[in-house]
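Along the sequence shown, the residues carry numbers beginning at 1.
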Amino acid sequence: MATESENIKFDEEYVLNSRGLKLFTCQWIPTSQEPKALIFICHGYAMECSITMNSTAIRLAKEGFAVYGIDYEGHGKSSGLPAYVESMDNVIDDCSKHFTKICEKQENKGKMRYLLGESMGGAVTLLLHRKQPHFWDGAILVAPMCKLADEMKPPQVVISVLTKLCNFIPTWRIIPSKDIIDLAFKVPEVREQVRANKYCYKGRPRLKTGHELLKTTMDIEQRLQEVSLPFMVLHGEDDKVTDKSVSKQLYDVASSTDKTIKLYPGMWHGLLYGEPLENIEIVFKDIIEWLEKRTNEDNARFERQLKQRNDDLSQSK
C-alpha cells in the first residue's frame, strides 16, 4: 500500500524471513528531490515503526532523507508471539538482510547509509554495526539500551531464578516490571496514544525476552570499545529506562574517531516523540545538523563511493 502527502511517498510491504515469518516493512521516500542518503530506523522494545516512529520518519524525509523501517519478529505488525524475542541474533539477521537488500538496489548504490536506533533499537544498531563493521556510514543512538537503568531491573536474586526458569517456560509473562510507558514518555497525551496503539505491547516482559535483553546489554557494555563507526549518542538526563552513564562510557571508550554526545537536562527516555514539542525541536535540530554535515562532506562521499566500488568488484568476482 502506497500513500503520498507532503512530498513524501509512504509504502509498506511484508517480507518473509528465513524462519518463515511475515515481517512488516515500511519506507518514507521524498518525492520532490533525489534522496540525500538512506536512514534505517530500529524501534524500541514493545514498539513498532509505522505509527510510533512515523513522526520521526516524516521529519527526516522532509529534510530529504529516504527512511526505512522494519517491525521485529513479535513486534508491531509482524508475525510471531507478541513481544517474544527468542534470540537477538534472529532480530539482527532479519534487520541486516532487509536493510542490506535496500542498500544494494541500483538507485541506492553510492548513497550514504545511516542507522537510527531508539532504546532497544540502539542495541540493535550497535549489533548491526558489529555484524558489518565497514558497511554503515554512521549511527544515531537515541537513549540506547547499552544497559538497563537500575530502576527497571528486578533484584539480582529474582534475575537468577528467572534465568533458570527460561529453559522451562520461556514465553511466560512473569517478569516483574514497572510501567515503561509512564517512565518513558513525559507528555501524557503521548502515553495515551501509545496505550491506544494496538500494535504496541503492554504486558509484562516474557522470560526469554527479558533474558535476551539483559544478556545483550551486558555483552554490549563489555565491548563498547569495538564501536568504530561515526556516531552521535543522545540521552535525556532524567531517563529512568536506559542508563545514561553507559552512553557517556560509550562516548569515552569507543574507538570511533568521529563521535558526538548530547545530554539533555530535564528530558526523559522518549526523546523523539515523548517530550514537549519545543524539546523535540531541539533534539531533531541536533540530529539533522549531524546528518547534513556528514552527508555533505566530500571526504565522506568519496569514501562511500570507494566502498561501493569495492563492493561491486567483490560481487562480480
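- Of the possible polar contacts, none joining the Thr125 side chain to the Leu115 backbone as a donor-acceptor pair under 3.5 Å is found.
- Using a 4.5 Å cut-off between side-chain heavy atoms of Ile, Leu, Val, Met, Phe, Trp and Tyr, with links allowed through other members, Ile288 and Val283 fall into the same hydrophobic cluster.
- When the side chains of ILVMFWY residues are joined at heavy-atom separations under 4.5 Å, either directly or via intervening members, Phe24 and Val194 end up in two distinct hydrophobic clusters.
- In this structure the side chain of Gln106 reaches within 4.5 angstrom of the side chain of Lys109, judged on heavy atoms.
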Practice item. Could you please spell out the steps behind the side chain to side chain contact (heavy atoms under 4.5 Å, CB included) verdict for Lys36 and Glu292? Key: CA-CA 9 Å; Lys36 297 175 183 177; Glu292 292 283 5; 2.6 Å; yes
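- Geometric assessment of Lys259 against the ring of Phe231 yields a negative cation-pi assignment under the 6.0 Å and 45° thresholds.
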Review point. Going through the checks in order, is the side chain to side chain contact (heavy atoms under 4.5 Å, CB included) test met by Val91 and Leu127?
Key: CA-CA 10 Å; Val91 173; Leu127 294 173; over 6 Å; no
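- Between Phe99 and Ile70, some side-chain heavy-atom pair lies under the 4.5 Å cut-off.
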Exercise for review: Run the numbers on Phe40 and Leu128 for side chain to side chain contact (heavy atoms under 4.5 Å, CB included), then give the verdict.
Suggested key: CA-CA 11 Å; Phe40 297 87; Leu128 285 167; over 6 Å; no
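- More than 12 heavy atoms of other residues, nucleotides or ligands shown are found within 6.0 angstrom of NZ on Lys111.
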Practice item. Mind running salt bridge (charged side-chain N to carboxylate O under 4.0 Å, His left out) on Lys248 and Asp252 for me, showing each step along the way? Key: CA-CA 6 Å; Lys248 293 177 187 174; Asp252 289 336; over 6 Å; no
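- For the pair Ser228 (side chain) and Ser255 (backbone), a donor-acceptor distance under 3.5 Å is absent.
- The closest donor-acceptor contact from the side chain of Ser78 to the backbone of Asp71 lies under 3.5 Å.
- In this structure, OH on Tyr264 lies 8.0 Å from CD1 on Ile282, to the nearest 0.5 angstrom.
- Looking only at distances, a side-chain donor or acceptor of Glu212 sits under 3.5 Å from a matching main-chain atom of Met88.
- Side chains of Leu60 and Leu116 form a contact here, defined as non-hydrogen atoms less than 4.5 Å apart.
- Without hydrogens or angle criteria, Thr25 side chain to Glu13 main chain gives a donor-acceptor distance under 3.5 Å.
- Side-chain heavy atoms closer than 4.5 Å link hydrophobic residues (I, L, V, M, F, W, Y) into clusters, and following such links, even through other members, never connects Tyr45 to Leu21.
- Distance check, rounded to the nearest 0.5 Å: CD of Glu118 to NE2 of His43 gives 10.0 Å.
- Judged purely by atom type and a 3.5 angstrom limit, Arg204 has no side-chain atom pairing as donor or acceptor with the backbone of Arg173.
- No side-chain donor-acceptor contact under 3.5 Å links Arg195 to the backbone of Lys202.
- Thr52 and Glu48 are linked by a side-chain donor-acceptor pair at a separation below 3.5 angstrom, with hydrogens and angles left out of the test.
- With rounding to the nearest 0.5 angstrom, the OH atom of Tyr72 is 7.0 Å from the SG atom of Cys49.
- With values rounded to the nearest 0.5 angstrom, Asn7 atom CG is found 13.5 Å from Ile29 atom CD1.
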Exercise for review: Give the C-alpha distance, both sets of side-chain angles, the deciding distance and a yes or no for side chain to side chain contact (heavy atoms under 4.5 Å, CB included) between Ser119 and Thr242.
Suggested key: CA-CA 7 Å; Ser119 196; Thr242 56; 4.0 Å; yes
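- Cluster annotation: Ile280 is connected to Trp290 through the hydrophobic network of ILVMFWY side chains, with a link wherever side-chain heavy atoms come within less than 4.5 Å.
- With hydrogens and angles disregarded, a donor-acceptor distance shorter than 3.5 Å links the side chain of Ser79 to the backbone of Lys22.
- Atom CD of residue Gln249 and atom NZ of residue Lys147 lie 8.5 Å apart, to the nearest 0.5 angstrom.
- Proximity of Cys103 to Leu38: side-chain heavy atoms (C-beta onward) are separated by under 4.5 Å at one or more points.
- A heavy-atom distance below 4.5 Å is found between the side chains of Tyr273 and Val190.
- For the atom pair OG of Ser50 and CG of Asp11, the computed distance is 12.0 Å after rounding to the nearest 0.5 Å.
- The main-chain N or O of Glu237 is found under 3.5 Å from a side-chain atom of Lys244 such that the two form a donor-acceptor pair.
- The shortest distance between side-chain heavy atoms of Leu250 and Ile220 does not fall below 4.5 Å.
- When atom types are taken as modelled, the side chain of Lys186 and the backbone of Gly266 share a donor-acceptor pair closer than 3.5 angstrom.
- Side-chain contact between Arg294 and Asp258: present, with at least one pair of heavy atoms (C-beta onward) separated by less than 4.5 Å.
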Check your understanding: Does the pair Arg59 and Glu63 meet the rule for a salt bridge (charged side-chain N to carboxylate O under 4.0 Å, His left out), with working shown?
Key -> CA-CA 7 Å; Arg59 280 176 180 270; Glu63 296 294 332; over 6 Å; no
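- By the 4.5 Å heavy-atom criterion applied to side chains, Met232 and Leu291 are not counted as neighbours.
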